[in-house]
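Just so it is clear, the model here is predicted, and its values are computed rather than measured.
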Amino acid sequence: MGGLYSSEKMSGLLAYESSELDWCEDNYRHSEHIVEYFNTISNLFFFVISPIMLYLFHPYARERNLAIHLVWTMMIFVGVFSAYFHMTLSFMGQMLDELSILWVLGLCYALWFPRRLFPSFIKDRTTFSRIVMVVTVITTLSSFVKPTANAYVLNFFALHIIYSLLLEMKTCADQKALRLCWSAIALWVLAISCWISDRFACSFWQKLNFCYLHGIWHILIVIAVAYASTLIAYLDASYEIPYSLPGLQYWPSDQWVLGLPYIVLKGTTKTQKRC
Ligand SMILES: CCCCCCCC/C=C\CCCCCCCC(=O)N[C@@H](CO)[C@H](O)/C=C/CCCCCCCCCCCCC
Ligand SMILES: [Ca+2]
Ligand SMILES: [Zn+2]
């Protein structure tokens, strides 16, 4: 009896449209099996960009810490869970999507949050990472209390990242790093405008018969994360492994306006930090 009850509960969590969230795109418009078609397939960008970023991060990760590869490996899972969520709009999909984002954020903070900005009672990165881990576990448990609030809490982290980034960039005169910083922020502004507009101005977009803003958010946010993570990794490399002479370049060509940024390590001798 108890088993039957819990398996019914479980299938309730997996049921199509069991999430309280429903994005602006019309449900079942293009397929009877996929609730939000464009919102689902736009996650393909995670599967294209993440492997390229894994490859581009490799020289820096090999020199600094191979755990850095976990970031873009986990981003593939964010794409999988996000696609599953929009395909089903299930409660399980929503929680997997949001919790995978939370854990990538936790990992990024543990790996890259600048040591100079640690609260004064934290002396080293190991202690900081343990505290981040505890906070991530507590936030994971709290996320079940009011699931509709989770997305807003996650977006708040973006504001904190931008604030910390601006503090870091205040003393940086490197033109390529500054350009990357403003490009990442501009992409995030575009992305969050799409997210907010899809959430709060749906009836307006429905009148225009253009309900794809959440899918466009997926595309813009993955590129913004590629830009921001490379910049933060570059600042980290400049402080922590300055002898490797880190530099910024763009793939596939440094001359292209649009490309994916990456870190080149030009040396192995000890030298002064740059930013
Ligand atoms: C020192 C820290 C360095 C941090 C580097 C960046 C870390 C990025 C971490 C997470 C990746 C976010 C991936 C977003 C996936 C979107 C999936 C999605 O659409 N989910 C929605 C439901 O379908 C859900 O409502 C969205 C919730 C909001 C997510 C907010 C994520 C914050 C992203 C932070 C990006 C920072 C960019 C900074 C630019 C200067
Ligand atoms: Ca919808
Ligand atoms: Zn989404």
Side-chain angles (χ1 to χ4, degrees), residues 9-53 71-106 139-140 143-144 146-158 187-226 228-229:
K9 229 175 161 179
M10 187 66 189
S11 58
L13 302 180
L14 294 171
Y16 272 52
E17 299 188 71
S18 52
S19 165
E20 282 183 64
L21 294 176
D22 188 344
W23 302 88
C24 194
E25 185 181 351
D26 290 340
N27 295 354
Y28 303 105
R29 183 160 184 174
H30 300 287
S31 159
E32 55 183 298
H33 304 291
I34 300 175
V35 184
E36 295 179 329
Y37 191 80
F38 184 69
N39 285 351
T40 304
I41 60 159
S42 54
N43 289 293
L44 274 177
F45 276 76
F46 283 83
F47 308 132
V48 174
I49 289 181
S50 304
I52 300 175
M53 290 309 294
V71 174
W72 284 96
T73 307
M74 282 169 74
M75 284 293 279
I76 298 174
F77 285 92
V78 172
V80 171
F81 294 139
S82 173
Y84 171 64
F85 170 49
H86 290 290
M87 188 184 139
T88 60
L89 286 190
S90 62
F91 179 72
M92 181 68 94
Q94 179 195 336
M95 294 312 285
L96 287 172
D97 174 51
E98 291 170 348
L99 291 178
S100 61
I101 298 170
L102 174 70
W103 281 85
V104 180
L105 279 167
T139 315
T140 301
S143 69
F144 291 89
K146 195 168 177 4
T148 45
N150 294 347
Y152 301 96
V153 175
L154 289 171
N155 276 318
F156 175 80
F157 281 104
L187 278 164
W188 177 79
V189 170
L190 277 177
I192 196 69
S193 308
C194 290
W195 189 91
I196 293 172
S197 202
D198 185 279
R199 199 78 290 243
F200 299 106
C202 183
S203 51
F204 170 78
W205 293 107
Q206 273 169 340
K207 275 185 208 129
L208 297 184
N209 203 15
F210 187 81
C211 304
Y212 304 110
L213 287 180
H214 188 84
I216 297 172
W217 141 269
H218 287 155
I219 298 168
L220 291 171
I221 195 68
V222 72
I223 303 174
V225 170
S229 61

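- Side-chain contact between Ser143 and Thr139 is absent, with no heavy atoms from C-beta onward closer than 4.5 Å.
- Here the closest non-hydrogen pair linking Glu98 and Leu21 is OE2-CD1, 3.9 Å.
- Atom CZ of Phe77 sits in a sparse spot, with 12 or fewer heavy atoms from other residues, nucleotides or ligands closer than 6.0 Å.
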**OP:** Could you walk me through whether Cys24 and Cys211 pass the disulfide bond (SG atoms under 2.5 Å apart) test, one step at a time?
**Re:** CA-CA 6 Å; Cys24 194; Cys211 304; 4.1 Å; no
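- Between His214 and His86, the ring planes lie tilted relative to each other; the angle falls in the 30° to 60° range.
- Under the 4.5 Å side-chain criterion, counting only non-hydrogen atoms from C-beta, Leu89 is in contact with Phe85.
- A side-chain contact (heavy atoms from CB on, under 4.5 Å) with Ile34 holds for exactly one of Ile41, Asn39, Thr40, Asn27; it is Thr40.
- The shortest heavy-atom contact between Leu220 and Leu187 is CD2-CD2, 4.0 Å.
- Note: Leu96 CG to Thr88 OG1 = 9.0 Å, rounded to the nearest 0.5 Å.
- Contacts classified as side-chain hydrogen bond (donor to acceptor under 3.5 Å, both in side chains) and involving residues 199-212 (residues at least two apart or in different chains) are given here: Ser197-Trp205.
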Subject >> side-chain hydrogen bond (donor to acceptor under 3.5 Å, both in side chains) assessment of Thr140 paired with Trp103 >> reply: CA-CA 9 Å; Thr140 301; Trp103 281 85; 3.0 Å; yes
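- Proximity of Val35 to Met87: side-chain heavy atoms (C-beta onward) are nowhere separated by under 4.5 Å.
- Counting only distance, with no hydrogens or angles, the side chain of Tyr16 and the backbone of His33 share a donor-acceptor pair below 3.5 Å.
- What you find for Ala191 and Ile221 is that their closest heavy atoms are CB-N, 4.0 Å.
- Taking the side chain as every heavy atom from C-beta outward, Asp198 and Glu25 never approach each other to under 4.5 Å.
- Listed for the Asn155 side chain is no donor-acceptor partner under 3.5 Å among the backbone atoms of Tyr152.
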**OP:** Test side-chain contact (heavy atoms from CB on, under 4.5 Å) on Tyr28 and Glu17 and set out the steps.
**Re:** CA-CA 11 Å; Tyr28 303 105; Glu17 299 188 71; 3.1 Å; yes
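- Scanning both residues, Ala226 and Ser229, for their nearest heavy atoms gives O-OG, 3.3 Å.
- Taken to the nearest 0.5 Å, the CE atom of Met53 stands 12.0 Å off from the OG1 atom of Thr73.
- For the pair Phe144 and Leu99, the minimum side-chain heavy-atom distance is below 4.5 Å.
- Ser90 places a side-chain heavy atom less than 4.5 Å from the side chain of Ser18.
- Taking each heavy atom of Gln94 and Pro147 in turn, the nearest pair found is NE2-O, 3.3 Å.
- Looking at every heavy atom in both residues, Phe46 comes nearest to Pro51 through O-CD, 4.1 Å.
- Centroid-to-centroid, the aromatic rings of Trp23 and Trp195 come within less than 6.0 Å.
- The backbone N or O of Phe38 sits nowhere less than 3.5 Å from a side-chain atom of His30 that would complete a donor-acceptor pair.
- At least one side-chain heavy atom of Glu36 sits less than 4.5 Å from a side-chain heavy atom of Asp22.
- Between the Ser100 side chain and the Asp97 main chain, a donor and an acceptor come within less than 3.5 Å of each other.
- At a threshold of 4.5 Å between non-hydrogen side-chain atoms, the residues Val225 and Trp72 count as touching.
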